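One structure is given here, and the rest of the page talks about it.
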Amino acid sequence: MAQFEFVAWLIQWILQQDDFEFDWDQGNSTKSAKKHQIGLESAEQFFRNKEVLVPLGIQVSPPADEPRFGALGMDLLGRRLSVCFTIREGKIRVISIRPMSPAERKKYASLREE
């Protein structure tokens with residue numbers, strides 16, 4: 001499982017967005033739908049549902065070629081989701097979106113209580 005280091009600017013960046021733009025390609029637009037039954041709409045809803053979104057920070061392990069970030073939150077159906085993404089030219093490029101693991105659910109609950 002990826003490890004993240006908290007970065008405060010990520011929260012500020014997310015909260016300052018009036019709306020999000022997304023960068024989809026053939027690979028990342030279908031991968032999560034096939035593997036986890038989570039489509040593009042849910043991924044976009046995840047970021048627009050800011051009141052329940054919890055940024056984890058920048059990925060420090062495993063290493064990646066470009067900065068990757070993690071966040072926990074929900075889509076509009078209330079599914080608890082974990083997202084790994086990057087930001088390219090101000091647009092969100094989702095790398096993966098999947099249901100939260102039991103450990104992530106516990107972490108999400110504890111972070112939402114603070």
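These numbers come from a predicted model, not from an experiment.
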Cluster overlap [X] with [Y], hydrophobic side-chain contacts below 4.5 Å:
| X | Y | answer |
| --- | --- | --- |
| Leu111 | Phe4 | yes |
| Val7 | Val83 | yes |
| Phe20 | Ile97 | yes |

Quick check for you: to the nearest 0.5 Å, what is the distance between [X] atom [atom1] and [Y] atom [atom2]?
| X | Y | atom1 | atom2 | answer |
| --- | --- | --- | --- | --- |
| Asp23 | Arg93 | CG | CZ | 4.5 Å |
| Met100 | Leu81 | CE | CG | 6.5 Å |
| Arg112 | Leu53 | CZ | CG | 9.5 Å |
| Ser82 | Phe46 | OG | CZ | 7.0 Å |
| Lys107 | Arg105 | NZ | CZ | 16.0 Å |
| Ile87 | Leu10 | CD1 | CG | 6.0 Å |

request  = Check whether more than 12 heavy atoms from other residues, nucleotides or ligands sit under 6.0 Å from atom NZ of Lys106, and answer yes or no.
outcome  =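 It does not: Lys106 NZ has 12 such atoms or fewer within range.
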message = Would you say that more than 12 heavy atoms from the other residues, nucleotides or ligands in this model lie under 6.0 Å from the CD of Glu51, or not?
response =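 Yes, because the 6.0 Å sphere around CD of Glu51 holds more than 12 heavy atoms from other groups.
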query = Going by heavy atoms in the side chains, are Ile14 and Pro55 under 4.5 Å from each other?
reply =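 Yes - at least one pair of side-chain heavy atoms lies under 4.5 Å apart.
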query = Taking the side chain from Gln59 and the backbone from Pro62, do they hold a donor-acceptor pair closer than 3.5 Å?
reply =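 The answer is yes, because a donor-acceptor pair under 3.5 Å joins these two groups.
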Over all atoms of both residues, closest heavy-atom pair of [X] and [Y]:
| X | Y | result |
| --- | --- | --- |
| Met74 | Asn49 | O-ND2, 3.1 Å |
| Tyr108 | Val52 | OH-O, 2.5 Å |
| Pro67 | Ile58 | CB-CD1, 4.1 Å |

request  = Among residues two or more places apart or on two chains, list those pairs meeting side-chain hydrogen bond (donor to acceptor under 3.5 Å, both in side chains) that have a residue in residues 5-15.
outcome  =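 Counting only pairs at least two positions apart or across chains, no side-chain hydrogen bond (donor to acceptor under 3.5 Å, both in side chains) contact touches residues 5-15.
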key: Pairing of Arg80 and Glu104 as salt bridge, 4.0 angstrom limit   =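 No, no charged N to carboxylate O under 4.0 Å.
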Just distance, no hydrogens or angles: give the donor-acceptor pairs under 3.5 Å from side chains in residues 35-44, sequence neighbours left out.
{"residue": "Gln37", "atom": "NE2", "partner": "Lys34", "partner atom": "O", "Å": "3.4"}
{"residue": "Ser42", "atom": "OG", "partner": "Asp75", "partner atom": "OD2", "Å": "3.1"}
{"residue": "Ser42", "atom": "OG", "partner": "Arg79", "partner atom": "NH2", "Å": "2.6"}
{"residue": "Glu44", "atom": "OE1", "partner": "Arg48", "partner atom": "NH1", "Å": "3.3"}
{"residue": "Glu44", "atom": "OE2", "partner": "Trp24", "partner atom": "NE1", "Å": "3.0"}

request  = Would you please name every residue forming a ring pair (Phe, Tyr, Trp, His ring centres under 6.0 Å) with Phe85, sequence neighbours left out?
outcome  =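 Residues passing ring pair (Phe, Tyr, Trp, His ring centres under 6.0 Å) with Phe85: Phe47, Phe69.
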